[in-house]
Amino acid sequence: MMAGSNPLGQSPIAKADDAGIDAAVDALRAGHVVAIPTETVYGLAADASNAEAVARIYRTKGRPDFNPLIVHIPDHAAAETLARFDDRASRLAARFWPGPLTLVLPLLPGAPVASAVTAGLATIALRCPAHPVMQAVLQRSGLCLAAPSANRSGGISPTRAEHVAHSLGADTPLLLDAGPCSAGLESTIVAVRENGWQLLRPGPVTAAAIEALLGEPALPVTEAKIEAPGQLASHYAPTKPVRLNCETAQGDEWHIGFGAIAGDDNLSPDGDLAMAAARLFDALHRADASDRRAIPVAPIPDQGIGAAINDRLRRAAA
Ligand code: TXA
Ligand code: MG
C-alpha cells in the first residue's frame with residue numbers, strides 16, 4: 001500500500017480505540033469514507049447527507065448505481081427523522097434494535113439523505129447496529145452513516161480488517177480494526193409494507209423470529225425489479241468455483257467442512273450454526289486465497305441461521 005495515496009496521512013489500519021474513533025469521526029465529517037466494524041460485517045461508511053461522500057462509497061466499491069445503501073442510525077429516534085414507522089416497524093425496531101436487522105421503510109419527504117443513497121426509491125433501508133465501535137462513531141459524529149459492506153462490489157463480504165485491506169487496498173483512507181465480526185453474515189433485510197412484511201435478505205435475525213413477533217408470515221417477494229441486489233443470483237462470489245452439499249473433495253480442491261465432515265477448514269466442528277455463520281466469509285476468503293482450484297462445501301442444515309448461510313453459499317456458487 002502506498003502511503004502517498006492516503007489523503008489523511010493515517011496508516012490504513014487503525015486500532016478502534018478512542019483515538020481511532022475520533023479520527024474516524026473527523027474523517028467522516030470531512031466527507032471521507034471510513035471502514036468501520038459492525039457485528040455483521042465491516043462497512044464502508046460515509047455521511048449519508050453528503051452527496052460527494054456517498055459518491056465516494058460507490059466509486060470505492062465499484063458499485064452499480066441502481067444498488068441503494070443501508071443507512072446506519074444510533075437509535076430509533078434518529079431513524080424516525082428519516083422514515084415513517086407504522087406499528088409493525090416500531091415493534092420490529094423495539095425488539096431487534098440495536099442488532100443485525102435492516103428495515104426498508106417509506107422515506108420521509110425532505111429527509112436529509114443524498115438521493116444516491118436510496119438510488120431514487122421512495123423507501124430507505126435503516127439499521128441500528130449493536131457493535132460498540134460503530135455505535136461510538138454514530139454517537140460522537142451525530143451523523144447518519146450510509147454503509148455497504150466494505151468490499152469491492154460482488155466480492156466476498158469482509159468480517160476482518162485484513163479482508164477490507166485486501167479488497168479495497170489503499171482506497172480506504174481509514175480502516176478501524178476491532179477484530180472479527182461476531183455475527184459474520186450481513187443483516188436480515190425486512191421490507192415493511194402496508195399489508196405486511198417481506199424478507200428481502202435472510203440473515204442473523206431469522207424469518208421465524210420475525211413471524212413470531214408480528215404474528216403473520218412473510219408476504220411473497222414479487223417485484224420484477226430487483227430492490228436488494230443481495231437477491232441477484234450471483235453475489236458474494238469468490239473467484240473460484242464453489243459447489244454445495246459436498247461430503248468429500250475431489251483431488252485438488254479446498255474442502256470447507258462442517259460438523260463431522262472435517263475438510264481442509266471446518267466452519268464448526270461441533271455443528272454450531274451461529275459459529276459457522278461467523279466463520280463463513282473468513283473461510284471463503286481463505287479458500288479463495290489457497291492454491292486449490294475449486295471450493296466444495298459440506299452440507300449445512302437449513303434451520304435457523306443455516307438458511308442465511310445457505311443463501312450466501314448458493315449465491316457464491318451461482
Ligand atoms: O449487515 C449489513 O447489512 C452490512 C453492514 C455494513 O451494516 N451492510 C450491507 O450493505 O450488507 P450492502 O450495501 O452490502 O447491502 C445492502 C442491501 C443491498 O442489497 C441493497 O440493495 C438493499 O440493502 N437495499 C438498500 N436500500 C434498499 C431499499 N430502499 N429497498 C430495498 N433494498 C434496499
Ligand atoms: Mg455487500
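Positions are given from 1, in the same order as the sequence printed here. Remember, it's 1-based here, ligands and their atoms both numbered in the order they're listed.
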**Request:** Answer yes or no as to whether an N/O/S atom of S157 is found below 2.8 Å from the Mg ion (ligand 2).
**Result:** no

[X]: numbered ligand 1 atoms lying under 4.0 Å from its heavy atoms:
X	result
I189	17 (C), 22 (C), 23 (O)
S187	1 (O), 2 (C), 3 (O)
A147	6 (C), 8 (N), 10 (O)
N67	18 (C), 20 (C), 21 (O)
S149	8 (N), 9 (C), 10 (O), 12 (P), 14 (O)
P148	10 (O), 12 (P), 13 (O)
I70	3 (O), 8 (N), 9 (C), 10 (O), 16 (C), 23 (O)
T123	28 (C), 29 (N), 30 (N)

**Asked** Quick one: does I256's side chain get under 4.5 Å of L284's, heavy atoms only?
**Response** yes

**Request:** Decide yes or no for D282 and R160: does some side-chain heavy atom of the first lie under 4.5 Å from some side-chain heavy atom of the second?
**Result:** yes

**Prompt:** Crowded around R292 CZ? As in, over 12 foreign heavy atoms under 6.0 Å?
**Reply:** yes

**Heavy atoms from other residues, nucleotides or ligands near CZ of R140 exceed 12 (cutoff 6.0 Å)** = yes

**Message:** For L121, which part has a heavy atom under 4.0 Å from ligand 1: side chain, backbone, both, or neither?
**Reply:** side chain

State whether the shortest distance between N or O atoms of [X] and N or O atoms of ligand 1 falls below 3.5 angstrom.
X	result
T40	yes
Y42	no
R63	yes

**Message:** Looking only at side-chain N and O atoms, does S49 offer a donor or acceptor that is under 3.5 Å from a partner on D47?
**Reply:** yes

**Prompt:** Using a distance-only test with no angle check, is there a side-chain donor-acceptor pair under 3.5 angstrom linking R201 and S187?
**Reply:** yes

**Asked** Nearest heavy atom to atom 26 (N) of ligand 1: which of A125, C181, G120 does it belong to?
**Response** A125

**Fill in**
CG (L313) and CD1 (I295) are apart, to the nearest 0.5 Å, by 10.0 Å

**Prompt:** Looking at T40, I210, L126, which hits side chain to side chain contact (heavy atoms under 4.5 Å, CB included) with L101?
**Reply:** I210

**Request:** Using a strict 4.0 Å threshold on nitrogen-to-oxygen distance, state whether E186 and R127 make a salt bridge.
**Result:** no

**Salt-bridge criterion met for D171 and R152 (N-O under 4.0 Å)** = yes

**Message:** Taking only non-hydrogen atoms of T118, do any sit less than 4.0 angstrom from ligand 1?
**Reply:** no

